[in-house]
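Below is one structure, written out as structure tokens, with a few remarks after it.
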Amino acid sequence: MVDPDEVNALAQLMTWKSAVADIPYGGAKGGIGCNPGDLSKSELERLTRVFTQKIHDLIGVHTDVPAPDMGTNAQTMAWILDEYSKFHGHSPAVVTGKPIDLGGSLGREAATGRGVVFATEALLAEHGKSIKDLTFAIQGFGNVGSWAAKLIHERGGKVIAVSDITGAVKNPNGIDIPELLRHKETTGSLKDFQGAESMDANELLIHKCDVLIPCALGGVLNRENAADVKAKFIIEAANHPTDPEADEILAKKGVVVLPDIYANSGGVTVSYFEWVQNIQGFMWDEQQVNNTLQNYMTRAFHNIKSMCQTHDCNLRMGAFTLGVSRVARATLLRGWEA
């Protein structure tokens, strides 16, 4: 489904996301239009290597550093690294999200989901609440959704509904997430899980819960369903899950929306840590990665909050204002004013 308009939009979003996270990256995006599920491993490898041959002079350690997104993983990054290195010599810092054995960072795989949880904790603390007292519904049970669910479960939060492309399950007393993960691993599906009853996947977004976390595709909250959302907080783990009309409806209802450019920035933040480790040639232990991520996520939340207070605006506008103003300040300091 990828096309130039989407890539351009995501590249711009990455600019603001990096600025909000306070990491020294601009924004770029790229992709290949294909369905990875339809391709064999060797076809995917050939496709990735040819793509890298075409772009090897456009990417680079201090130019443009790719990282995995939809349909790509650590193996894809390993192929890019290897192909790029044929032209430029061994350059582990040219991609992030690599396998640990090739200079990947500990904690990178869980980073986006863990960042979502740190972001959620920061928001809830502001409202005098904590994860362990609340109920959660999670749309999407891939990398981000499954890590978020696991970490919320560990913190005593009650995950009462989960959905993905294979189906949806609910249990008002809380789903046993480690069991659900095992079931999904074994069967490849959420269907027929003994510890919960199945539900209509479309109903998940309007399920009664305290916190809704969309971790799947964009545009899932729209004018059709926004008025029926029962959650008090929405954490945007996916890119752009709430369309502008839904945003207005939710604001009128008093639902607090934590915007994607902050909520899902754990991935790019730990990508930055991986890049730093590769450049230094010195790897961190997992505890250091997670603690530093928590510091970055918590600090960014407080910076967004103070923007909201200064400009009397919601969290999305506060986050964009923070990102755009940082980029504007940097360009002014460099003497780029028109």
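None of these values were measured; they are calculated from a predicted model.
Every residue meeting the salt bridge (charged side-chain N to carboxylate O under 4.0 Å, His left out) condition with Glu45, not counting sequence neighbours, appears here in chain and number order: Arg49. Under the rule for a salt bridge (charged side-chain N to carboxylate O under 4.0 Å, His left out), the partners of Asp69 that lie at least two apart in sequence or sit in another chain are Lys29. Remark: Trp284 pairs with no residue by the side chain to side chain donor-acceptor pair (under 3.5 Å) rule, at least two apart or across chains. Not counting sequence neighbours, the partners of Lys150 by the side chain to side chain donor-acceptor pair (under 3.5 Å) test are Glu154.
Annotation for Val7: hydrophobic cluster partners, listed by chain and number, are Val2 (ILVMFWY side-chain heavy atoms under 4.5 Å, direct or chained). Other cluster members for Leu106: Ile100, joined by side-chain heavy-atom distances under 4.5 Å among Ile, Leu, Val, Met, Phe, Trp and Tyr. Cluster partners of Met283 are absent, since no Ile, Leu, Val, Met, Phe, Trp or Tyr has side-chain heavy atoms less than 4.5 Å from it.
Residue pairs meeting the ring pair (Phe, Tyr, Trp, His ring centres under 6.0 Å) criterion with at least one member in residues 88-110, sequence neighbours excluded: His56-His88, Tyr84-His88. Note on residues 130-157: no pairs pass ring pair (Phe, Tyr, Trp, His ring centres under 6.0 Å), not counting sequence neighbours. Sorted by first and then second residue, the pairs that involve residues 225-266 and meet ring pair (Phe, Tyr, Trp, His ring centres under 6.0 Å), not counting sequence neighbours, are His127-Phe233. The stretch residues 33-55 participates, sequence neighbours left out, in no ring pair (Phe, Tyr, Trp, His ring centres under 6.0 Å) pair at all. Within the structure, the side chain to side chain donor-acceptor pair (under 3.5 Å) test picks out the following pairs touching residues 168-181 (sequence neighbours left out): Glu179-Arg182.
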One pair to check against side chain to side chain contact (heavy atoms under 4.5 Å, CB included): Met14 and Ile261. What are the steps and the verdict?
CA-CA 8 Å; Met14 285 305 299; Ile261 66 163; over 6 Å; no
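Relative to the six-membered ring of Tyr296, Arg299 meets both conditions, a distance below 6.0 Å and an angle of at most 45° to the axis.
The closest side-chain donor-acceptor pair between Glu83 and Trp79, if any, does not fall under 3.5 angstrom. A donor and an acceptor atom, one from each side chain of Thr96 and Arg108, are nowhere located under 3.5 Å apart.
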